[in-house]
J.: 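Once you've had a glance at the structure underneath, I'll fire off some questions.
The sequence lines fix the lettering, A, B, ..., with proteins before strands; numbering per chain opens at 1.
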Amino acid sequence: MPTPLPPDFYARSTLTVARELLGARLVRMLDGVRLSGTITETEAYVGETDLACHARAGRTPRTQVMYGPPGRAYVYFTYGMHWMLNVVTEPENFPCAVLIRAVEVIEGQELVAARRPGVAKPQWTDGPAKLCVAFGITGDLNAVDLTRPVAGLWVEAGEPVPAENVTIGPRVGLYSVPEPWKGMPWRFLRRREK
DNA sequence: AGCACGATTAACT
DNA sequence: GTTAATCGTGCTC
């Protein structure tokens, strides 16, 4: 029996959720195969006042899932070719989310290898759009409930990452976002092991 | 008009 | 081996 992280996990401060998602396990049922990966990089996007967050535009068809209950998926399309996976955080009507930027594939390596032909393992899922390709995540999964194993996508508890292995820095890929939002240290990544 | 990107290329060391 | 620059693509507002 899968045991997804409960709504209470997501109903907290977005920064806390982003930090604690490091080490957690992203699980995807695809073609009858269980894929999973350890989350290694996240970014927090916090409300309408965060000018890097899509919710800066207010409640629109695209952003409305962020206004809904925590623990849902916010999947959106950008740059004409890329899907991105976020998890909705905080109580309803506070539009926030954590972008899942990278995972390390654990289960289902054969299927992922087949989905990422010609790509070496470390590059299978080391970017937010790459992991969506590897795990078969598209707009079909927007707004699904990640706290129950009903949609074939959820997050399980993993191995906690100790503070000394966490690197914190500014979010990336924000081209024209003004300060102070552009420089806010809201990116969390697990330091490379070895 | 403007993207919460990634691959390719071109320049370096 | 590295970093920097370019641009395709189509959805959102």
J.: Would you mind pulling out the nucleotide paired to C:dT9, Watson-Crick or G-U wobble, both distances under 3.5 Å?
T.: none

J.: With a 4.0 Å limit, can you tell me whether A:Lys182 has a side-chain N or O closer than that to the phosphate oxygens OP1/OP2 of B:dA4?
T.: no

J.: Summarise protein proximity over nucleotides 5-13 of chain C in one line of letters, 5' to 3': B for base, S for sugar-phosphate only, - for none, counting protein heavy atoms closer than 4.0 Å.
T.: ---BBBSSS

J.: Looking at every non-hydrogen atom in both residues, tell me the closest pair between A:Asp145 and A:Val150 and how far apart they are.
T.: O-CG2, 4.5 Å

J.: Round to a whole Å and report the spacing from OH of A:Tyr45 to P of B:dC3.
T.: 12 Å

J.: Nearest-Å distance, CZ (A:Arg187) to C1' (B:dC5)?
T.: 13 Å

J.: Flag this pair as yes if the NZ/CZ of A:Arg59 is under 6.0 angstrom from the six-membered ring centre of A:Tyr67 and inside a 45 degree cone about the axis; otherwise no.
T.: yes

J.: Looking at A:Pro162 and A:Arg19, what are the two nearest heavy atoms and their distance?
T.: C-NH2, 3.9 Å

J.: Can you measure from OG1 (A:Thr147) to OH (A:Tyr10) and round to the nearest 0.5 angstrom?
T.: 7.5 Å

J.: Counting only Watson-Crick or G-U wobble pairs whose two distances fall under 3.5 Å, which nucleotide matches B:dA4?
T.: none

J.: B:dA4 P sits how many Å from A:Tyr74 OH, rounded?
T.: 9 Å

J.: In whole Å, what is the span from the CG atom of A:Asn86 to the P atom of B:dA4?
T.: 11 Å

J.: Answer yes if the side chains of A:Glu104 and A:Thr38 hold a donor-acceptor pair under 3.5 Å, and no otherwise.
T.: no

J.: Between A:Arg101 and B:dC5, is there a side-chain N or O to OP1/OP2 distance below 4.0 Å?
T.: yes

J.: Taking CZ from A:Arg171 and P from B:dC3, how many angstroms apart are they, rounded to a whole number?
T.: 14 Å

J.: Distance check needed: B:dA4 P versus A:Met184 CE, whole Å only.
T.: 18 Å

J.: Between A:Tyr74 and A:Arg72, is there a cation-pi geometry (under 6.0 Å to ring centre, at most 45° from the normal)?
T.: no

J.: Have a look at A:Leu99 and say if it touches a base, only the backbone sugar-phosphate, or nothing, with a 4.0 Å heavy-atom cut-off.
T.: base

J.: Give the rounded distance in Å between these two atoms: CE of A:Met66 and C1' of B:dA4.
T.: 10 Å

J.: Roughly how far apart are A:Leu21 CG and A:Phe9 CZ, rounded to 0.5 Å?
T.: 4.0 Å

